[in-house]
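By convention here, the first residue in the shown sequence is residue 1.
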Amino acid sequence: MKLRFTARFLIGVATAIAVTVAASAAATAAPTSPGPAPITTTPAAGFSTSVPGGFRSWGQVMEMQHRMNAAASQIAAAHSDGYAGIIAAPENHELRVYWKGQPPAAIDGLFATLRATVPIRVLPAAYSQKEMLAEANRLAVEPGVSSVAPNADGTGLSISLRSTALVASAQLNTTMKVDRTYADPTSMSYSRENDIAPYYGGGDVSIVGGDCSTGFAIWHAGVTSMLTAGHCANNGDAAYDGAFRFMGVVSGVDKAHDTAVINTPSAGRVWDGGAAGRGPTEFTKPVWGVESSWVGNWECMSGARSGAVCSIQIRAINVTVSFADLGGYPIYQQVIAEQTGHSGAAGNGDSGGPVFDLSADWTGDYAMGTITGGDSLSAPATCQGQPGSIYVPRRACSWRVYYADITYTLPRYNSEIRYG
């Protein structure tokens, strides 16, 4: 996709989108399970050498995170009215669940069952998630608001405004507690060059004269396709790989959630290591599964232009954002994540690229989302990987990135991740 680095946040519920799959897509039987395949790789680039929380290795961090995420998904799926949010930061050594009022007996029973796999601490919240999301949707269209997110601890909302002056002076019509910040996000036309069919995630894709990245291979109606960012294309556009070979036609463009589908043969692997055209520093890893995004989770991104960058931590989920460079329309169900060392996590040409976390032994990836945009104005960073392209001679990058949560994307397309 084309990366413009201006983001706005929106929260919403997606409607089902019918995806027309081109006849050229490869038809194959879907695997029954991901199954760890024996493979030798090096760890993903960019993880800090300082392991958080007293863990001996990042592998231990990932193992704890997977257990936390499995429990968090079960709690959120219960859809109880008092549920406010979850912080699943492995360095806390406990899953922190925030609740307004007293959890019902059935939820207490679920907590008791899940404590056999991970420590759980239940903490009080001022607002439920339902209350926070309703107020966030209302405030997201106020003048000067770039994003609104419910606080995972149930204390209210975090609202980003487009200037420091607005942070100080804007009158927001709400009785809910609000934390204000300055952020002026931009979309990112964010390759690994010269990939061939079946295509992997994190590769270079050119659509109507701009650079973007491939996301994750999916199964849809018995054939394979490839996810990318919705702002990169319109339905019917032709997509080309980094060597300017025709890949396929774009369909299922969902501007409200910033996702789209390239109808092309694809495989369940993701590019890792260096950026497009960086040769021996690049390698691929299999996709083993899908995980939800939770505040506190650690993850990696792998856009075509930036390459793999890790030590990225989730700050907010269920975010509604608006990108001024895209016309300011709301984009729903986004995630905000930040590179904790303030290195460039993504930039122009990385849009649509994969967001993932790692297996405990580093040999497999778990799909978490696809890159939407960043914030090179209020969170600027030196770009990793390539300095530019023929379309964007000078890239803009950010340590703060917005992405589409894969667990919302897949149902909208009635699809499944293709495993490697």
Looking only at side-chain N and O atoms, does [Y] offer a donor or acceptor that is under 3.5 Å from a partner on [X]?
X: Ser293; Y: Tyr403; value: yes
X: Ser266; Y: Arg418; value: no
X: Tyr408; Y: Asn318; value: yes

Is [Y] close to [X] at the side-chain level, that is, under 4.5 Å between some pair of heavy atoms?
X: Val261; Y: Asn263; answer: yes
X: Val205; Y: Tyr199; answer: no
X: Arg315; Y: Arg400; answer: no
X: Ile336; Y: Ile314; answer: no
X: Met62; Y: Asp357; answer: yes

Please list, chain by chain and in numerical order, all residues satisfying side-chain contact (heavy atoms from CB on, under 4.5 Å) with [X], sequence neighbours excluded.
X: Ala360; result: Glu63
X: Ala88; result: Met68, Asn69, Ile86, Leu95, Trp294, Asn297
X: Ala260; result: Thr228, Val250, Val253
X: Leu172; result: Val145, Ile159, Thr174, Val178, Arg180

Considering residues at least two apart in sequence or located in another chain, which fulfil the side-chain hydrogen bond (donor to acceptor under 3.5 Å, both in side chains) criterion with [X]?
X: Ser343; value: none
X: Asp179; value: Asn151, Lys177
X: Ser80; value: none
X: Ser57; value: none

Using the test salt bridge (Lys or Arg N to Asp or Glu O under 4.0 Å), find all partners of Asp361 that sit at least two apart in sequence or belong to another chain.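 With neighbours one apart ignored, the set is empty.
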Between atom CE of Met176 and atom CD of Glu135, what is the distance when rounded to the nearest 0.5 Å?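 The CE atom of Met176 sits 5.0 Å away from the CD atom of Glu135.
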Mind listing the side-chain donor-acceptor pairs of residues 107-116 below 3.5 Å, one per line with the distance, residues two or more places apart or on another chain?
unit_1, atom_1, unit_2, atom_2, d
Thr113, OG1, Gly109, O, 3.1
Arg115, NE, Ile120, O, 3.1
Arg115, NH2, Ile120, O, 3.2

Locate the shortest heavy-atom distance separating Thr117 from Arg67; write the atom from each residue and the value.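 It is O-NH1, 2.5 Å.
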Write down the atom of Asp258, the atom of Gln334, and the distance for their closest heavy-atom approach.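 So the two residues come closest at CB-NE2, 4.5 Å.
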For Ile218, is there any backbone N or O sitting under 3.5 Å from a side-chain donor or acceptor partner on Tyr413?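 A pair under 3.5 Å: no.
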Please confirm whether the backbone N or O of Ala396 pairs with a side-chain atom of Asn348, one donor and one acceptor, at under 3.5 Å?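 At least one qualifying donor-acceptor pair exists.
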Show every salt bridge (charged side-chain N to carboxylate O under 4.0 Å, His left out) that has at least one partner inside residues 74-92, sequence neighbours left out.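 Residue pairs with at least one partner in residues 74-92: Asp81-Lys130.
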Please assess Ser376 against Ser398 for the test side chain to side chain donor-acceptor pair (under 3.5 Å), listing each intermediate value before the final yes or no. CA-CA 5 Å; Ser376 60; Ser398 172; over 6 Å; no
Could you work out, with ring pair (Phe, Tyr, Trp, His ring centres under 6.0 Å) as the rule, every residue matching Tyr366, not counting sequence neighbours?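 Here the qualifying residues are His66.
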